[in-house]
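Report on one structure; see the data block that follows.
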Protein chains: 2
Amino acid sequence: MNLKQLAHMLALSQTTVSRALNGYPEVNEETRRRVMDAAKRHGYRPNPSARRLATGKTGMIGYVLPTGASVDIDPHFVEFLSGLGDYARSHELDLVLSPADADDQETTYRRIVANRQVDAVYISSPRPADRRVALVNSLGIPFIVHGRSEGFDFDYAFTDIDNEGAFREAARLLIQLGHRRLALINGDDRETFAIHRERGVRRALAASGLTLGERHVCSVVMTEENGYRATRRLLEEDDAPTAIACSSLIMALGVVRAVRDLGLSIPGDVSLIAHDDVFPWLRPENFSVPLSTTRSSIRLAGARVAERLAARISGLEEGARGEVWPVDLVVRGSVAGAPA
Amino acid sequence: MNLKQLAHMLALSQTTVSRALNGYPEVNEETRRRVMDAAKRHGYRPNPSARRLATGKTGMIGYVLPTGASVDIDPHFVEFLSGLGDYARSHELDLVLSPADADDQETTYRRIVANRQVDAVYISSPRPADRRVALVNSLGIPFIVHGRSEGFDFDYAFTDIDNEGAFREAARLLIQLGHRRLALINGDDRETFAIHRERGVRRALAASGLTLGERHVCSVVMTEENGYRATRRLLEEDDAPTAIACSSLIMALGVVRAVRDLGLSIPGDVSLIAHDDVFPWLRPENFSVPLSTTRSSIRLAGARVAERLAARISGLEEGARGEVWPVDLVVRGSVAGAPA
DNA sequence: CAAAAAAGCCAAAGCGCTTTGGAAGACTCT
DNA sequence: AGAGTCTTCCAAAGCGCTTTGGCTTTTTTG
């Protein structure tokens with residue numbers, strides 16, 4: 001059932017039917033109802049291929065997926081996707097993942113824009129002066145950055161959480177509890193979120209005349225194993241920290257294991273706060289010692305990004321507004337006063 | 001730069017240029033070179049929208065993503081995606097995720113097929129007599145099932161692992177070690193993989209004249225918390241099992257925590273074997289007691305599914321061949337002889 | 001009431017590609 | 001040399017939609 005047939009059986013022109021269906025004003029309301037009705041009754045759905053050839057609109061949002069034999073997709077992605085998908089569904093948007101060589105995403109971005117394969121894209125895990133952001137901005141396709149980049153001579157639209165504030169508050173709490181030597185087990189410090197978190201910790205320390213020791217901050221891929229290793233290294237030193245801030249729950253698993261392996265305890269010997277992106281399958285309150293966290297649902301962020309993309313596609317949102325979400329500090333049993 | 005312009009500047013017809021580019025035989029090799037050359041020089045890329053309108057081919061593979069406020073995307077998905085994406089990239093395939101109401105995926109499948117939005121689809125986490133499989137089969141679009149369904153009057157193509165064999169071997173090992181009361185903490189038993197795993201355990205027990213106690217098997221969503229709860233429940237009973245087989249590493253985290261909370265030890269009081277899908281961020285050898293596992297890389301499965309989909313799209317693979325991969329049993333410290 | 005404006009509809013021209021059905025020329029064969 | 005066969009290319013017809021420009025008919029206006 002295509003437009004031609006539908007028009008024919010309604011004894012109308014394709015033009016009128018098309019306009020009736022797409023809500024154009026120059027068609028009689030009575031006629032429109034007739035058309036809508038017949039369309040529904042016959043299950044008519046405009047062929048998207050034809051439509052996109054004619055309009056250039058695809059009804060799809062794009063994401064360039066860095067891949068490679070040694071490239072691991074961030075497990076956070078799936079939660080983000082849950083939120084994004086949930087919103088996208090209600091707006092009949094599909095998501096197209098374009099796999100790209102992790103070291104050459106530019107080609108892929110250019111392709112999907114040149115080919116008009118998607119109406120908008122989003123970018124995640126940005127770094128300062130991220131080339132993808134500059135590129136996509138210059139290509140002129142609507143986009144939203146999940147997270148923040150920095151150091152451009154233009155503004156852009158992003159949705160981020162207050163990583164600095166979250167870790168500043170976490171550190172402040174630890175300091176108030178008497179801790180003087182804090183450590184930060186961070187994610188990849190080439191990414192903005194990690195930079196912001198480190199800054200948060202430093203600012204809190206500075207406010208009390210303290211500093212973050214050179215060797216008390218580490219930047220690693222966020223795996224359980226790396227959390228373990230970092231913790232062992234930290235705690236086996238002379239000036240071992242008495243409190244640790246950790247950038248992910250997964251790493252925190254390793255932290256807890258390391259602390260135990262060393263015969264130490266949380267929070268007796270070491271206080272621990274981790275960032276919680278809210279996974280359904282791993283909850284901080286279920287750690288052997290309930291984990292204090294800075295909490296922000298990455299899933300909600302996914303839904304929000306989808307919402308903004310949809311708004312941009314339909315022209316409802318314009319400009320380069322960035323939004324920063326506050327982060328909850330949730331105190332549980334894993335923090336206590338510094339040991340004597 | 002479109003076909004028309006390219007043809008014009010080569011003083012050839014669109015037909016010839018199109019054929020030269022697409023490798024049709026009825027064009028002089030000399031001409032073909034000229035065309036290819038000019039195309040490359042001018043960076044000509046055929047407009048995919050136009051091409052798909054004409055051919056119906058999209059260069060995309062589809063996946064219907066169940067979503068909803070209370071629907072969590074399986075964390076395994078991201079690993080599967082890593083493999084799929086890695087292969088797809090090298091073949092210029094994109095993946096389109098079509099979010100659907102988890103309770104009504106049929107509509108979405110029909111849509112993407114009717115609209116010719118993708119060249120092929122894959123289905124994951126199938127159940128016996130899975131309606132999606134029947135539907136997609138009847139719709140006549142190329143597809144691969146990751147996992148297995150059962151009970152159809154037709155054959156279909158799938159890539160699965162030997163879940164039954166894996167859990168049979170795991171159970172057999174435990175039995176050989178003297179365990180008589182095994183328990184199985186399984187995933188959702190409406191899914192085929194869980195059924196097969198349970199069958200594997202039962203078969204191994206039966207071979208030694210043993211059975212799996214009614215209350216020694218549980219089927220839950222695979223979260224850390226559920227692993228914990230199930231273990232507590234199992235171990236606090238009178239005829240507590242001395243060995244546990246567990247369907248995921250994430251649940252195993254909870255199992256370990258529960259055992260510890262009860263003042264018991266692994267493998268002294270309880271032996272544990274879990275299935276490992278090979279996550280980069282959580283490795284069984286790094287558990288406090290290195291975890292014995294049945295291991296199969298879900299990432300490789302993703303790559304294989306992509307490969308088969310590509311083969312089907314290009315007509316290289318036909319028929320309904322199913323393939324079942326063997327699973328490694330990797331013995332580490334978490335198993336030992338049954339306590340006296 | 002005639003002229004101007006608005007409403008409602010349509011035919012046809014794209015969008016950029018593939019593919020069908022020839023046609024022209026070169027080549028082979030008797 | 002004439003008929004038949006390849007080879008190589010082309011014009012034009014789709015694919016199914018949107019949109020431009022124009023044509024009637026109805027309504028409004030001075």
Exercise. What nucleotide among C:dG16, C:dC17, D:dG21 has an atom nearest to a side-chain atom of B:Tyr44?
Worked result: C:dC17
For this session: For C:dT18, take OP1 and OP2 only and decide whether either is under 4.0 Å from a side-chain N or O of B:Tyr24.
Result: no
Seminar exercise, completed: Contacts of B:Thr16 and B:Ala50 projected onto DNA chain C by closest heavy atom; the upstream (5') one is B:Ala50
For this session: Determine: side-chain N/O of A:Asn47 to OP1/OP2 of D:dC15, distance under 4.0 Å, yes or no.
Result: no
For this session: Could you tell me if the ring centre of A:Phe80 sits under 6.0 Å from that of A:Tyr63?
Result: no
Exercise. Which atom pair, heavy atoms only, marks the closest approach of A:Ile144 to A:Arg312?
Worked result: CD1-NE, 3.6 Å
Seminar exercise, completed: Ranking C:dG8, C:dT18, D:dT18 by distance to the side chain of A:Thr55, first place goes to D:dT18
For this session: Give the intermediate values and the outcome of side-chain hydrogen bond (donor to acceptor under 3.5 Å, both in side chains) for residues A:Thr16 and A:Ser13.
Result: CA-CA 5 Å; A:Thr16 304; A:Ser13 76; 3.2 Å; yes
Exercise. Without hydrogens or angle criteria, can the side chains of A:Arg148 and A:Thr192 be said to hold a donor-acceptor pair below 3.5 Å?
Worked result: no
Exercise. Which part of the nucleic acid, if any, lies within reach of A:Thr31 when heavy atoms closer than 4.0 Å are counted: base, sugar-phosphate only, or nothing?
Worked result: sugar-phosphate
Seminar exercise, completed: DNA chain C nearest-nucleotide lookup for B:Thr15 and A:Glu26: closer to the 5′ end is A:Glu26
Problem set entry | Touch class at under 4.0 angstrom, heavy-atom based, for A:Ala11 against every strand present | sugar-phosphate
Problem set entry | B:Arg51 CZ - D:dC15 C1' separation (whole Å) | 14 Å
For this session: Report yes or no: is there a donor-acceptor pair, N or O only, under 3.5 Å between the side chain of B:Ser18 and the base of C:dT19?
Result: no
For this session: May I have the distance from A:Leu3 (atom CG) to C:dC9 (atom P), rounded to whole angstrom?
Result: 15 Å
